[in-house]
Amino acid sequence: MVATLFIDGRWRQASDGVVHDVHSPHDQHVVAQVSQATQADVLDAIGAARASFDSGVFTSWSFKERSDLVLKIAELLERDADVIARKESDDTGKRFIEAQYDVADVIATFRHFGGLGAKVHERSVDVGLSHVNSRIVYESLGVASLIGPWNYPLLQIAWKVAPALVAGCSFIVKPSELTPQSAIALIKAIEEAGTPKGVANLILGPGSVVGTSLIGDPRIDMVSFTGGLTTGQTIMKAAVADVKRLALELGGKNPHIIFADADLDSAIDNAVTAAFLHSGQVCSAGTRLIVERSIHDRVVKEIVRRAGKITLGGPDDELAESGPLISQSHLMNVSLYVDKAVAEGATLLTGGKRSDKAEHEKGWYYLPTVLDNCRSAMECVQEESFGPVMTVELFDTEAEAIAIGNDTVFGLSGGVWSSDEKKAARVASALRHGTIWVNDFGPYRPAAEWGGYKKSGIGRELGEHGLGEYLEIKHIWTNNAPSRSGWFRDQ
Ligand code: TXE
């Protein structure tokens with residue numbers, strides 16, 4: 001029996017018994033079987049979350065108590081870290097060691113929010129009247145749907161679950177149907193830590209089937225979603241009727257600007273990592289290289305050399321440096337994107353096809369690809385491929401670099417390399433993206449906010465703001481010397 005839905009404190013099979021096979025992107029073998037929720041299961045999960053929230057079973061806990069729960073979950077995740085990392089690498093095809101880094105980041109996320117929750121205090125407002133006590137208090141937002149993607153499955157869910165727990169929300173987690181196993185492990189830790197029944201619920205299945213109610217049901221107060229722009233837009237439309245709160249992270253097309261005065265050795269090495277880490281399946285991937293004309297040949301030649309040397313391989317290949325794409329359909333999309341780029345006039349310098357190595361035959365391996373002679377107007381520059389594909393554009397002046405870096409509908413992240421501190425600071429400030437790295441690319445910390453400008457999304461995860469997304473703010477005005485308002489005549 002496969003019982004991997006968690007509803008109202010109980011592990012259940014799907015109400016129609018349907019089971020879904022999860023396949024390895026490395027060689028397509030079945031890595032797990034999980035229950036696939038029906039509409040009835042989804043409605044049960046929403047009902048359980050709503051009932052637990054309305055009962056006050058969790059909101060009656062103090063912020064400190066809920067923070068302690070979150071810290072305990074961090075301990076349990078640490079205890080089981082390698083088991084969870086194994087599941088994550090099975091589902092995603094990423095190397096086991098990368099999955100271990102991800103789980104370490106998950107634990108750090110829980111510790112961050114566990115620490116932050118204890119610091120939530122009400123605030124007094126001076127209203128200028130000695131007989132009035134005016135307080136701002138922070139309360140749980142309500143019931144949240146937490147929908148995650150497949151590239152960093154547990155980490156992206158953790159960014160939502162940890163603050164939701166600290167805030168006292170009840171919720172339904174829905175990981176990507178391609179990568180469900182680590183979310184199951186997380187819910188087990190949440191259960192073991194002693195979370196009240198009905199607070200945390202888990203629904204598995206394709207978003208197109210189970211997603212509609214998770215967003216449109218009036219009992220849901222908030223949707224926090226990480227995934228593609230089109231799905232994000234669908235979610236916004238579905239949330240309109242109830243004016244639900246939304247937190248959306250919808251990817252990016254992130255500029256990586258290299259000036260001629262940069263430390264080129266470091267810049268080039270980081271440019272390779274930024275574009276090809278996890279085969280480009282990273283929302284903040286630096287896939288849009290914008291390079292000063294005078295150093296173009298040197299930089300691009302070296303990037304092409306380095307890209308051609310990247311070793312691809314599966315979860316247990318110790319020599320591998322990057323893994324497969326998540327699915328066949330994603331590989332087809334990436335491939336189509338490159339073909340269209342070439343048709344639009346881009347020059348393919350390396351990659352541009354599946355790996356033809358025998359050991360990659362059954363997997364979704366796509367070679368690191370560099371497209372030169374790109375211009376902002378091209379589709380390959382504007383749209384996220386979410387694969388190992390770097391586009392290269394040129395600039396002559398600082399103003400031009402900024403204009404190109406901002407010529408995108410997205411605004412998640414960007415990087416700038418220069419040894420001129422003032423110039424780098426000017427560019428960092430002019431770029432309209434949520435995270436900017438100067439002489440670096442990629443690092444983040446749970447204590448710093450993460451999120452996008454423009455079509456990269458709404459709201460922020462992590463940092464302090466990441467907790468605020470799950471809170472309501474209430475102003476309580478208490479008059480200790482009641483008197484008549486005296487506004488209207490009383491005759
Ligand atoms: O994402 P989807 P896909 C981008 C990336 C990628 C593209 C499409 O460019 O190529 O999105 O990827 C659930 N109601 N990113 O199609 O569909 C789905 O089940 C509710 C960027 O895989 O957005 C999964 O759990 N939920 C990104 C989640 O949404 C729905 C990470 C994400 O899937 C739904 C991943 C619906 N109608 C892809 N339809 C990032 N921001 O990091 C789907 N889902």
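For ligands, and for the atoms within them, numbers begin at 1 and follow the listed sequence. For the numbers below, each heavy atom of this structure counts, side chains included, while hydrogens, waters and symmetry mates do not.
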Any nitrogen or oxygen of [X], side chain or backbone, less than 3.5 Å from one on ligand 1?
{"X": "Thr212", "answer": "no"}
{"X": "Gly211", "answer": "no"}
{"X": "Pro206", "answer": "no"}

Practice task
Select one of side chain, backbone, both or neither to describe which atoms of Ala238 lie under 4.0 Å from any atom of ligand 1, heavy atoms only.
Solution key: neither

Can you tell which of [options] gets a heavy atom nearest to [atom]?
{"atom": "atom 10 (O) of ligand 1", "options": "Glu384, Glu383, His330", "value": "His330"}
{"atom": "atom 1 (O) of ligand 1", "options": "Ser329, Gly216, Gly228", "value": "Gly228"}
{"atom": "atom 43 (C) of ligand 1", "options": "Val223, Val210, Thr231", "value": "Thr231"}
{"atom": "atom 28 (C) of ligand 1", "options": "Ser385, Gly148, Ser145, Ser176", "value": "Gly148"}

Within 6.0 angstrom of [X] [atom1], more than 12 heavy atoms from elsewhere:
{"X": "Arg432", "atom1": "CZ", "result": "no"}
{"X": "Arg375", "atom1": "CZ", "result": "no"}
{"X": "Lys362", "atom1": "NZ", "result": "no"}

Residue [X] vicinity, atoms of ligand 1 by number, heavy atom under 4.0 Å:
{"X": "Glu177", "result": "18 (C), 19 (O)"}
{"X": "Thr226", "result": "32 (C), 40 (C), 41 (N), 42 (O)"}
{"X": "Gly251", "result": "41 (N)"}
{"X": "Lys174", "result": "18 (C), 19 (O), 25 (O)"}
{"X": "Ile215", "result": "14 (N), 20 (C)"}
{"X": "Pro175", "result": "25 (O)"}
{"X": "Glu249", "result": "41 (N)"}
{"X": "Phe225", "result": "23 (O), 28 (C), 29 (O), 32 (C)"}

Starting from [atom], find the nearest protein heavy-atom neighbour and note its residue, name and distance.
{"atom": "atom 31 (C) of ligand 1", "value": "Pro149 CB, 3.4 Å"}
{"atom": "atom 40 (C) of ligand 1", "value": "Cys283 CB, 3.6 Å"}
{"atom": "atom 21 (C) of ligand 1", "value": "Gly227 O, 3.4 Å"}
{"atom": "atom 30 (C) of ligand 1", "value": "Gly207 CA, 3.4 Å"}
{"atom": "atom 22 (O) of ligand 1", "value": "Trp150 NE1, 2.6 Å"}
{"atom": "atom 13 (C) of ligand 1", "value": "Ile147 CG2, 3.8 Å"}

Between [Y] and [X], is the closest basic N to carboxylate O distance under 4.0 Å?
{"X": "Asp91", "Y": "Arg86", "result": "no"}
{"X": "Asp242", "Y": "Lys244", "result": "yes"}
{"X": "Glu472", "Y": "Arg245", "result": "yes"}
{"X": "Lys197", "Y": "Asp8", "result": "yes"}

Fill in the blank from the handout: Between Ser284 and Phe441, the two heavy atoms sitting closest are O-CE2, 3.2 Å

Practice task
Using modelled atom types only, decide if a donor and an acceptor are shared between the side chain of His360 and the backbone of His26 within a distance under 3.5 Å.
Solution key: no

Problem - Ile172, Ile220, Val143 screened by side-chain contact (heavy atoms from CB on, under 4.5 Å) with Arg50, the one that passes - result: Val143

Handout entry: Residue that, paired with Tyr444, satisfies ring-ring contact (aromatic ring centres under 6.0 Å, His included) out of Tyr152, Trp437, Trp159
Key = Trp159

Exercise for the section: Measure from NZ or CZ of Arg12 to the centre of the six-membered ring of Phe6 and say whether it is under 6.0 Å with the direction within 45° of the ring axis. Expected result: no

